[in-house]
S.K.: 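Quick one: structure below, then a few questions.
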Amino acid sequence: MTDNAPLAGKRVLLGVSGSIAAYKSADLCSRLSKLGAEVHVVMTSSAMHFVGEATMRALTRRSVMTDLFDEPHSDRIAHIDLAQSSDIVVVAPATANLIAKMAVGIADDILTTCLLAVPKSTPLLVAPAMNSLMLEHPATQHNLATLRDRGVEILATGYGVLACQDVGYGKMAEPDEIVTAINLMFSNRGDFCGKRVLVTAGPTREPLDPVRYIGNRSSGKMGYALAQAAVRRGASVILVSGPTALASPPGVELVRVQTAEQMLAECMKAAPDCNVIIGAAAVADYRPAKVADSKMKRQSGVSITIELVPNEDIIAALTSHRSPGQFIVGFAAETDNVEQNAARKLTSKGLDLVVSNDVSRPDAGFDVDTNAVTLHWPGGNSEDLPLQSKLATADHILTRIAAAMSHV
Ligand code: PMT
């Protein structure tokens, strides 16, 4: 395998469920086969209303699995064998129904049974396709979040006129985007082997009294995605996280903190052994000067003033104690003058790279699953990355860090 042909010889299990977007999976199948992948297609009965088994068989030159009880080899159980022998599993399109089944572990046909037998270490990519109301439904959003927490890569859906003539999100990612995401998942596996990576994530909470705090809108998703992507690429990862609702990504050493001072202490402890440090946390710049011992009482009509004192800048403290060869990355959450503010943070904090995100966009920054960031390098070069999932953004960032570290 070379980096130029990461798919050559890889076994891809392509699951197709019943959406009109199934016609695009024929194109996806063809592209994957042309790139040298060994594609094994598993279709639900609903999928076969939209695209024929014969089409997939012709494109892969392999029989297509459509029935749980269809056992081509008497010495092996087909769905277990397929799930365990695949290098990657891709579900495209994934309907709301299929996603719901995956989230709760229902195995009632050949595809869902295969999916339940996929080993934890096998990358799993899901390309949803559905009506925008179905996508926005809290049940679907909850199911997608469950899958994400389990380490499943969920591709963002596109915006446009849907098959039902509604306009909104819900279009399946295009086959070329899916191929790019698959390539990305393979091409750099192992390039962080032997590296220790420290990631900060989430908000900090600065207490005012036993029940109140000053916080911010960070969900931790960006930092957790970075930790997850670094582990997949072979790094040993310590994730110092403020309070979030997220589960620890598999294989990551998670240290939970509440305040900026606690985050600083944990980072200073971990940093000397780390080759790469990435500050994705939204750290409070200030904390209340005094924390009340008991709940502050409301006094009707009386204003109160809270004195705030500055927190230490964690990432700047880490750069000023930098170990030899350490590569340190900061984020910049901006609403205006993104370019200038990022350039200023690069210099003032002594960073090797700043990743800026325009958090005024509804689809980027705080508490969403996607991000659109710009990388700012010393010397003034910058690179815009497209709007993509936070995991794909994380992978892109790690690719650039690995390249920059190999040049020093
Ligand atoms: O968590 P999500 O919901 O996924 O949202 C992701 C994100 C928007 C939080 C993330 O992409 C992001 O931009 N993180 C940095 C947020 C931020 O606080 O930016 P800043 O411009 O205020 O800080 C610049 C850098 O200094 C950051 O690396 C920050 O971690 C660091 N910093 C800031 C203050 C401080 N006291 N100590 C720090 O280390």
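In each ligand, atom 1 is the first atom listed, and ligand 1 is the first ligand listed. Values below: every heavy atom of this structure, side chains too, minus hydrogens, waters and symmetry copies.
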S.K.: Below 3.5 Å, N or O to N or O, backbone or side chain included: is there any such pair between K345 and ligand 1?
M.R.: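 Such a contact does occur with ligand 1.
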S.K.: Considering only heavy atoms, does N357 approach ligand 1 within less than 4.0 Å through its side chain, its backbone, both, or neither?
M.R.: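 For N357, the contact with ligand 1 is made by the side chain alone.
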S.K.: Looking at non-hydrogen atoms alone, which of A316, A281, A225 comes nearest to atom 17 (C) of ligand 1?
M.R.: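 The option holding the nearest heavy atom is A281.
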S.K.: Side chain or backbone, does V359 bring an N or O within less than 3.5 Å of an N or O on ligand 1?
M.R.: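 Checking ligand 1 against V359, no N or O pair falls under 3.5 Å apart.
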S.K.: Is G330 in polar range of ligand 1, meaning some N or O pair under 3.5 Å apart?
M.R.: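 In this structure, G330 places no N or O atom under 3.5 Å from an N or O of ligand 1.
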S.K.: Looking at ligand 1, does any of its N/O atoms fall within less than 3.5 Å of an N/O of A282?
M.R.: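 Not met; the criterion fails.
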S.K.: Return a yes/no value for M222: is any of its N or O atoms, backbone included, closer than 3.5 angstrom to an N or O of ligand 1?
M.R.: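 M222 vs ligand 1: N/O contact under 3.5 Å present.
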S.K.: Tell me, which protein residue and heavy-atom name are nearest atom 2 (P) of ligand 1, and how many Å apart are they?
M.R.: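 Scanning the protein heavy atoms, the shortest distance from atom 2 (P) of ligand 1 goes to S219 OG, 3.4 Å.
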S.K.: What is the closest protein heavy atom to atom 27 (C) of ligand 1, and at what distance does it sit?
M.R.: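 Here the closest protein heavy atom is F331 O, 3.0 Å.
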S.K.: Who pairs with N216 by side-chain hydrogen bond (donor to acceptor under 3.5 Å, both in side chains), at least two apart in sequence or on another chain?
M.R.: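 If we apply the side-chain hydrogen bond (donor to acceptor under 3.5 Å, both in side chains) test to N216, skipping adjacent residues, there are no hits.
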S.K.: Counting non-hydrogen protein atoms only, what is the nearest one to atom 36 (N) of ligand 1? Give residue, atom name and distance.
M.R.: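 Here the nearest protein heavy atom works out to E312 O, 3.1 Å.
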S.K.: Quick check: does I315 get an N/O under 3.5 Å from an N/O on ligand 1?
M.R.: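 Between I315 and ligand 1, an N or O pair is found under 3.5 Å apart.
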S.K.: Is there a polar contact, in the sense of an N or O pair closer than 3.5 Å, between G202 and ligand 1?
M.R.: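 So ligand 1 has no N or O lying under 3.5 Å from an N or O of G202.
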S.K.: Could you identify the single nearest non-hydrogen protein atom to atom 28 (O) of ligand 1 and state the distance to 0.1 Å?
M.R.: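 Residue, atom and distance for the closest contact: G279 O, 2.6 Å.
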S.K.: Of T112, D109, T95, N97, which is the lone residue that meets side-chain contact (heavy atoms from CB on, under 4.5 Å) with S17?
M.R.: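 Passing option: T95.
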S.K.: Of the side chain and backbone of K390, name the one, both, or neither that has a heavy atom under 4.0 Å from an atom of ligand 1.
M.R.: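 It is the side chain that gets close, since no backbone atom is under 4.0 Å.
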S.K.: With heavy atoms of K221 as the reference, note each atom of ligand 1 found under 4.0 Å away.
M.R.: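 Near K221, meaning under 4.0 Å from one of its heavy atoms, ligand 1 has 1 (O), 2 (P), 4 (O).
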